There are 2 protein chains.
Amino acid sequence: MYPPIIVTVDVVLMTLCLDALCVALLRRPNDPFAGELALPGGYVHAQEDGDAEDAAYRILREKMGIKPPYLEQLATFAGDRRDPRGWSASIAYFALVSPTTEATWQPVSELTKLAFDHAAIIQAAVERLRNKSAYSVLPAYLLPQTFTLAELQKIYEQVLGSPLDKSSFRRKIKELDLLDQVTGSFQVGNQRPAQIYRLKKMVTFDRTLSQSAPRKAARSGQ
Amino acid sequence: MYPPIIVTVDVVLMTLCLDALCVALLRRPNDPFAGELALPGGYVHAQEDGDAEDAAYRILREKMGIKPPYLEQLATFAGDRRDPRGWSASIAYFALVSPTTEATWQPVSELTKLAFDHAAIIQAAVERLRNKSAYSVLPAYLLPQTFTLAELQKIYEQVLGSPLDKSSFRRKIKELDLLDQVTGSFQVGNQRPAQIYRLKKMVTFDRTLSQSAPRKAARSGQ
DNA sequence: GCGCTTAGTGGCAAAATACCACGAACATCA
DNA sequence: TGATGTTCGTGGTATTTTGCCACTAAGCGC
């Protein structure tokens, strides 16, 4: 009845390389925008993908060989001006991984021209990450599974772009109560060993932290 | 190449009726789910709609006769299980209007079975409204263009579901600095007249309030 | 042992917030 | 005109949260 709409899923896969927030980009083999850099993405495979999140995971597996520990839907970018072939919709996701994984990373601060509106998508992802970092442990997904609080603080500072006070940071993290201590210590060299932590296993209801609790009801979970 | 994906735009249009948060629903004339209640929505019209937001506005105009003062993209609900016709994607928006407008409203607290996954979409919209209400003046869009602070506070209490302190509420609203005084007063009856306010005209960059400012840097933007 | 570096904690002042009370400005009615 | 009732609006105080800084702890190298 209507000309079909092009539906793709694109993923902003972020990590930290060399103390800078980076995003995974691929050079497009085909038109449109052949040869230019673009987010990893692709068509929805109606037979394989049960939903859009499945598609995002499949794309990351096929094109990046990665199963990210964190994935969330970002927004949908749709319209008739973003793809020369016609009206298109890109369901954008954003994912966080630890820096070990192999890929071609590009610092988000020095992005050249990208295919489609992918620059805008990346910008939205970075903003979302910044915002959520203020009240969640999201940046922890940018680290290896285990880490020290000092490492975590550095990541926060890089993501938020401003230095944090050690004491306040640790207090905040502790009261969020989303980390587990790992018995066993760690030394970087000639200093006191640091306690190692990992993210708690949790049912990721997605919307758990953002609610502001009434004052009297102190977090009583020991 | 692939079977086409059904792309629709659905809008959660909310208002306040009789002190309860309500959502606009329409009875579906056609299959699937003929006769059941559903969100106002429809296919994207590739010729008319420049982007998905255009489609949302068009749908509200055509089906509701409304141009809402607030509209924002909520999320995209996609998969092969939500529409019996096959793989589908619903780009969901949520909109707020003042209660004057005519429509068939349904309180969000007593929703019966709805078509598709529209119940889940509505739930997501309500959560988003609740969350954003904690740090924005979003609930003001549920009121007429001008209102008193007492009226605004009531709306907040209804949306958040808990009573607020008058003094704290007014302080918070004032420092958000998103309201303009309207010279001229108002009396409901036999009491002191209340100052009237309206929303400031503003460039709705969407993501302006949520950033937490460093302590020393007081909001100096006049 | 001493000096160095980083980890981790504690204290205090300042800011934000909850809670409560009081005065202000109207209307109504005697 | 003045007393009373109602809501508007603001100010004060106690409590909580937060920023800031200092200090101790625990390792290493010498």
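Note on naming: letters A, B, ... go to the chains in the order of the sequence lines (proteins, then strands), and numbering restarts at 1 for each one. Since we're looking at a predicted model, the values are computed, not measured.
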Requested in this report: State plainly whether the residues B:Asp117 and B:Arg81 are in salt-bridge range, i.e. N to O under 4.0 Å.
Outcome: no

Query raised in the report: Can you tell me how far P of C:dA7 sits from CG of A:Leu152, to the nearest Å?
Result: 13 Å

Report task. Assign B:Thr148 to base, sugar-phosphate, or nothing according to its heavy-atom contacts below 4.0 angstrom with the strands shown. Result -> nothing

Requested in this report: Write down the distance between CD (B:Gln153) and P (C:dC19), rounded to a whole number of angstrom.
Outcome: 13 Å

**Report entry** Phosphate OP1/OP2 of C:dT17: any B:Ser168 side-chain N/O under 4.0 Å
**Finding:** no

Report task. Look at the side chain of A:Ser167 and the base of D:dG19, then say whether one donor and one acceptor between them are separated by less than 3.5 Å. Result -> no

Query raised in the report: Rounded to whole angstroms, how far apart are CG on B:Leu164 and C1' on C:dC20?
Result: 16 Å

Query raised in the report: Base, sugar-phosphate, or nothing: which does A:Lys166 touch, judged by heavy atoms less than 4.0 Å apart?
Result: base

Query raised in the report: Which salt bridge (charged side-chain N to carboxylate O under 4.0 Å, His left out) pairs, counting each pair once, include a residue from residues 55-68 of chain B, with sequence neighbours left out?
Result: B:Asp49-B:Arg58, B:Arg58-B:Glu62

Report task. Please state whether the phosphate of D:dG9, meaning OP1 or OP2, lies under 4.0 angstrom from any side-chain nitrogen or oxygen of B:Lys174. Result -> no

Query raised in the report: For B:Ile173 and D:dG9, what is the distance between atoms CD1 and C1' respectively, to the nearest whole Å?
Result: 15 Å

Report task. Kindly check if the number of other-residue, nucleotide or ligand heavy atoms within 6.0 Å of CD (B:Gln191) is above 12? Result -> yes

Query raised in the report: Side-chain contact, heavy-atom cut-off 4.5 Å: B:Leu39 with B:Val23?
Result: yes

Requested in this report: Count the heavy atoms of every other residue, nucleotide or ligand shown that sit under 6.0 Å from CZ of A:Arg28, and state whether that count exceeds 12.
Outcome: yes

Report task. Could you tell me the separation between the CZ atom of A:Phe169 and the C1' atom of C:dG8, rounded to a whole number of Å? Result -> 14 Å

Query raised in the report: Should A:Asp177 and A:Lys200 count as an ion pair when the cut-off is N to O under 4.0 Å?
Result: yes

Query raised in the report: Heavy-atom contacts under 4.0 Å between residues 190-199 of chain B and DNA chain D, which residues?
Result: B:Asn190, B:Gln191, B:Arg192, B:Pro193, B:Ala194, B:Gln195

Report summary line: Assign each of B:Glu151 and B:Arg171 the nucleotide of DNA chain D bearing its closest heavy atom; nearer the 5' end lies the nucleotide of B:Glu151

**Report entry** Nearest heavy-atom neighbours spanning A:Met14 and A:Leu21
**Finding:** SD-CD2, 4.2 Å

Report task. Can you tell me the distance, in whole Å, between the CD atom of B:Gln181 and the C1' atom of D:dC8? Result -> 13 Å

Requested in this report: May I have the distance from B:Asp165 (atom CG) to D:dT13 (atom P), rounded to whole angstrom?
Outcome: 17 Å

Query - Separation of D:dG9 P from B:Lys172 NZ (nearest whole Å) - result: 20 Å

